[in-house]
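Reviewing the structure listed below.
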There are 2 protein chains.
Amino acid sequence: MPCDAATVTTKKATIKDVAREAKVSVASVSRALNGQGGVTAETLDRIRVAAKRLRYIPDNAARSLITRRTHTIGALLPDLYGEFFSELIRGIDLAARARGLQLLVSSSHDGVEDAANAMRAMQGRVDGMLILSPWVDADFLQANLPEDVPTVLMNSPLDADGWSVLNIDNRGGAYAMVQHLLTTAGHADVALISGPGSNYDSQQRELGYREAMATFASRVPLNIVQGNFTEQSGYEAGRAILAQSPRPRAVFAANDMMALGCLYAFKEAGLRVPQDIALAGFDDIPIARYLSPSLSTVSVHIAELGRSALERLAALLDGHAQSTTSDTLGCAVVIRETCGSSRDDASPKNPYQPKSPTDV
Amino acid sequence: MPCDAATVTTKKATIKDVAREAKVSVASVSRALNGQGGVTAETLDRIRVAAKRLRYIPDNAARSLITRRTHTIGALLPDLYGEFFSELIRGIDLAARARGLQLLVSSSHDGVEDAANAMRAMQGRVDGMLILSPWVDADFLQANLPEDVPTVLMNSPLDADGWSVLNIDNRGGAYAMVQHLLTTAGHADVALISGPGSNYDSQQRELGYREAMATFASRVPLNIVQGNFTEQSGYEAGRAILAQSPRPRAVFAANDMMALGCLYAFKEAGLRVPQDIALAGFDDIPIARYLSPSLSTVSVHIAELGRSALERLAALLDGHAQSTTSDTLGCAVVIRETCGSSRDDASPKNPYQPKSPTDV
DNA sequence: GGCGCCAACGTAAACGTTTTCATGAAACCT
DNA sequence: AGGTTTCATGAAAACGTTTACGTTGGCGCC
């Protein structure tokens with residue numbers, strides 16, 4: 001019995017090879033390697049060394065054919081950019097690894113048809129799905145979601161139509177920021193630069209603005225300038241606001257990119273921020289803290305969204321949870337310089353809290 | 001024969017069900033649905049409607065058990081942050097979709113053991129692998145890479161040890177930038193803020209600096225301050241450089257985050273950039289263009305790296321390519337304000353080129 | 001009209017696991 | 001001692017495909 005590496009056949013070793021090598025049946029090998037007991041310590045040992053010698057690795061296809069489990073979850077994401085995407089994946093991936101699950105990613109498709117195809121392609125490859133997509137609605141899911149694949153939706157308008165959904169508290173975040181501008185920072189009125197009307201996040205943020213205005217500045221008329229989440233549209237909205245008279249005391253942009261454009265418009269006009277006009281955004285993109293003045297904004301814990309979505313899905317897979325609950329993840333108001341709060345510049349600017357421990 | 005949706009059984013339909021429904025054998029169903037011919041047009045039709053009626057979707061596990069193909073490729077990535085990660089995945093994903101391949105992602109593991117586990121977990125689940133990881137070296141691959149899984153390495157020091165590798169031209173990019181600082185911008189000497197010595201990118205960038213200095217400023221002594229890619233270390237390096245006398249005319253930071261910290265140090269000291277001292281970075285992170293003054297840097301096309309890595313892998317899978325070639329992707333020098341080129345401020349600042357068409 | 005050929009189709013064997021069930025031996029209890 | 005329980009083990013049936021190989025039948029050709 002030579003024990004050289006040379007004796008290892010070139011073909012992939014199967015469970016039968018291990019069984020022959022260890023002089024037991026395939027059943028025993030399966031039991032031993034899966035640690036289900038029912039096998040003597042010494043035979044277990046013999047099987048272990050045989051498996052190691054042959055470099056045996058179970059075939060996942062065969063295994064999941066009979067088990068009906070793939071230990072893989074699919075993530076269906078839209079065409080996302082930058083920080084948001086990577087943080088989301090990071091949150092999901094970390095949680096998945098902790099549970100021994102693999103992650104099948106399908107991102108960067110735009111269009112309903114594209115999303116539907118991606119979904120079908122995952123059939124039978126995954127035990128469950130995580131979906132974040134602007135194109136999924138009830139009908140879409142009904143039509144394309146395979147019968148019995150547990151699914152949790154992220155940031156979806158579908159509240160409790162029998163789906164498990166996990167939302168970001170866009171409304172609450174916007175509300176809190178506008179409240180801060182009106183009360184703590186003491187600005188008399190706040191204008192909104194809104195996002196595209198078709199966007200769910202945009203709608204919710206506008207709702208938060210309206211509610212906060214109704215509560216804390218009920219006599220002040222609403223002042224909404226339409227944008228579309230791009231920096232360019234923020235710039236234009238900023239100029240439109242400058243043309244207003246009287247000019248609002250503060251501006252809440254529905255996302256940071258628009259706030260950025262707006263800030264340029266203000267600077268260009270020679271206004272001081274926040275002394276002449278205050279500004280706040282939403283998202284807390286990495287750039288926000290590096291602007292001068294640094295941008296007050298609303299921070300959402302994206303990795304946390306991914307993590308808890310996966311936890312929820314895992315719970316569904318284990319049957320520990322009902323598939324119909326709906327939760328919301330909180331946001332945090334981040335006060336920096338542009339919003340002109342009373343505590344402005346109380347502490348010296350400290351830019352040294354790098355977001356990225358590693359690089360490249 | 002009722003044709004209602006109600007007749008669709010609750011269990012998942014198999015090929016046998018379709019066969020029974022269409023009154024043919026399973027073999028014919030397989031042939032028909034895979035479009036291999038050997039079936040009449042009318043039977044093909046009958047099978048098609050039967051399959052649609054039963055919502056039949058082939059079981060991937062069973063299919064790949066016999067086919068030995070998963071149509072999935074695995075991506076093994078380190079604990080990456082932000083733009084780099086998302087762009088890389090985007091490039092890979094787009095190319096994969098175009099080829100009908102699925103993407104199994106395993107990111108955010110740090111440590112050799114972790115990476116090895118991730119690799120083993122992909123056994124039999126993927127047809128090939130894309131690997132970008134600081135912890136893989138020849139030994140690691142030898143020990144953990146399954147026998148016959150085609151693999152392409154990204155950004156790896158392993159040049160042509162029989163592996164297919166795709167590199168970023170860190171050296172060339174650094175060389176070009178330092179050359180620009182020395183010649184076009186006309187600075188007499190350039191100091192380097194280097195990255196961690198253990199990092200491959202860091203080493204290559206330093207090499208580029210050394211070569212450019214040797215070529216264009218051979219009489220000037222090298223001036224290298226050690227950093228570790230963090231903003232904090234850049235800040236400290238900046239202060240160290242300020243303490244030098246004579247002070248260098250220009251500084252090349254081995255990545256943008258360090259350039260950022262360095263810029264703060266200069267501003268803090270009351271220096272004007274680039275008039276008093278010039279600065280350049282590497283990576284072209286999104287923040288770079290928004291700084292004031294905006295940061296000159298070296299841009300690498302990350303999505304392109306991902307895309308061509310996958311193309312290469314796909315070629316390997318189809319047997320169209322040899323598995324041992326080694327390629328390098330170019331970088332682009334991006335001239336902005338901080339490097340004090342002669343064309344400085346020639347054109348008005350135009351910040352409206354948003355990177356992200358969509359948001360959230 | 002018999003012969004062979006080809007296209008359409010069916011039968012059955014793989015693929016590599018897990019799992020149920022049967023079998024025998026050993027240990028335990030009265 | 002005899003019966004009963006436990007326990008390690010093996011044989012074999014699944015799981016849902018693809019595919020090599022037969023088996024038809026029809027058709028053209030001599």
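A, B, ... follow the sequence lines: proteins, then strands. Residue 1 opens every chain.
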Determine, for Arg120(A) against Glu113(A), whether the closest basic-nitrogen to carboxylate-oxygen distance falls under 4.0 angstrom. yes

Run the salt-bridge test on Lys12(B) and Asp17(B) with the 4.0 Å N-O cut-off and return the result as yes or no. no

For atom CZ of Arg48(B), decide whether the heavy atoms of other residues, nucleotides or ligands shown that lie under 6.0 angstrom number more than 12. no

For Ser106(B), all residues meeting side chain to side chain contact (heavy atoms under 4.5 Å, CB included), sequence neighbours excluded: Arg97(A), Leu76(B), His109(B), Ala118(B), Met122(B)

For a quick test of reading the model: is some side-chain N or O of Gln36(B) closer than 4.0 Å to OP1 or OP2 of dT18(D)? no

Smallest separation among heavy atoms of Ser107(A) and Phe85(A), with atom names: CB-CE1, 3.7 Å

CA sep, side-chain torsions, deciding dist, call: Arg55(B), Glu21(B), salt bridge (charged side-chain N to carboxylate O under 4.0 Å, His left out): CA-CA 12 Å; Arg55(B) 289 183 169 223; Glu21(B) 181 86 5; over 6 Å; no

Overall bend of the helix from dG1(C)-dC30(D) to dT30(C)-dA1(D) (five pairs an end, 10° steps) is 40°

How many whole angstroms separate atom CZ of Arg125(B) from atom P of dT17(C)? 13 Å

Look at atom CD of Gln36(A) and say whether more than 12 heavy atoms of other residues, nucleotides or ligands are closer to it than 6.0 Å. yes

Atom CG of Asp17(A) and atom C1' of dT17(C) are separated, to the nearest Å, by 13 Å

Assess the side chains of Thr70(A) and Asp127(A): does a donor N or O sit below 3.5 Å from an acceptor N or O? yes

How does each nucleotide of nucleotides 6-17 of chain D score, in 5' to 3' order, for protein heavy atoms under 4.0 Å: base (B), sugar-phosphate only (S), or none (-)? --SBBB--BBBB

